[in-house]
Amino acid sequence: KKYCLEKRYLSHSTVNACISQLSLFLDFIGKRNIKTVCQLQPRDISDFICSLSRYSQKTISGIASYTRMYLKFLVYRGDLKRDLSQSVPS
C-alpha cells in the first residue's frame, strides 16, 4: 500500500481498488498450489487473465494493469529476480 501511495502516487481509492482486484490474482495462484512468487511462471499469469472472461473488457484491463504493477513491485522489492509483468496479456 505504501509503495502505491508514495512511489506510484496513486489515490487512496485507487489503492483500495488495486488491493481488491489483486486478491483475485492471489486467490488464483493459491489454488494452483504456488507457495511463493518465485514459483510463478508466465503461463500462470496468462491463465489468470484468461480466467477472467466473466468480467467486462474494461474490468479485465484494470485487473491486468494492477497485476503488471504488482509484478513490477515484486521485482522492485527483490522478491522476483525477473520481471514477469510483460507476461500479462494486454
Side-chain angles (χ1 to χ4, degrees):
K1 190 172 184 174
K2 183 177 178 180
Y3 170 81
C4 291
L5 292 169
E6 295 177 7
K7 300 286 185 195
R8 302 283 301 187
Y9 305 106
L10 300 176
S11 71
H12 286 279
S13 60
T14 301
V15 171
N16 290 334
C18 175
I19 291 169
S20 172
Q21 292 186 346
L22 280 175
S23 68
L24 298 171
F25 178 61
L26 298 175
D27 288 344
F28 180 85
I29 62 174
K31 289 176 185 170
R32 287 197 158 198
N33 206 27
I34 296 171
K35 301 293 183 199
T36 68
V37 292
C38 294
Q39 295 175 300
L40 274 174
Q41 298 297 315
R43 178 67 187 212
D44 299 313
I45 296 163
S46 60
D47 287 352
F48 166 66
I49 298 298
C50 289
S51 77
L52 301 173
S53 61
R54 67 186 178 275
Y55 295 102
S56 71
Q57 189 57 47
K58 182 179 177 181
T59 300
I60 293 170
S61 293
I63 294 169
S65 178
Y66 291 138
T67 303
R68 272 187 220 96
M69 185 175 63
Y70 177 64
L71 293 167
K72 288 179 184 179
F73 166 72
L74 292 174
V75 172
Y76 168 81
R77 207 169 79 169
D79 294 332
L80 278 179
K81 301 293 181 216
R82 61 185 176 135
D83 185 359
L84 295 173
S85 67
Q86 296 175 6
S87 301
V88 180
S90 42

- Message: So does S61 get a backbone contact from the side chain of S65, meaning a donor-acceptor N/O pair under 3.5 Å?
- Response: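 It does not hold such a pair.
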
- Is the backbone of S87 close enough, under 3.5 Å, to the side chain of R68 for a donor and an acceptor to pair up by distance?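 No, the answer is negative, given that no donor and acceptor are paired below the 3.5 Å cut-off.
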
Provide the closest heavy-atom pair for [X] versus [Y] in the form atom of the first, atom of the second, distance.
{"X": "R82", "Y": "P42", "answer": "NH2-CD, 3.7 Å"}
{"X": "I29", "Y": "L40", "answer": "CG2-CD2, 3.7 Å"}
{"X": "L84", "Y": "L71", "answer": "O-CD1, 3.7 Å"}
{"X": "Q39", "Y": "I34", "answer": "OE1-C, 3.4 Å"}
{"X": "L80", "Y": "V37", "answer": "CD2-O, 3.2 Å"}

- Could you name each residue pair satisfying salt bridge (charged side-chain N to carboxylate O under 4.0 Å, His left out) that touches residues 32-42, not counting sequence neighbours? R32-D44, R32-D47

- Item | ring pair (Phe, Tyr, Trp, His ring centres under 6.0 Å) partners of F25, counting only residues at least two apart | F48

- Message: Using a 6.0 Å cut-off, check whether atom CD of Q41 has over 12 heavy atoms from anything other than its own residue.
- Response: yes

- Query: When rounded to the nearest 0.5 angstrom, what is the spacing between OG1 in T36 and CG in D79?
  - Reply: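 Interatomic distance, T36 OG1 to D79 CG, rounded to 0.5 Å: 9.5 Å.
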
- Roughly how far apart are F28 CZ and L52 CG, rounded to 0.5 Å? 8.5 Å

- Mind checking whether L24 and Y55 have side chains closer than 4.5 Å, heavy atoms only?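 The answer is yes; the side chains approach within 4.5 Å.
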
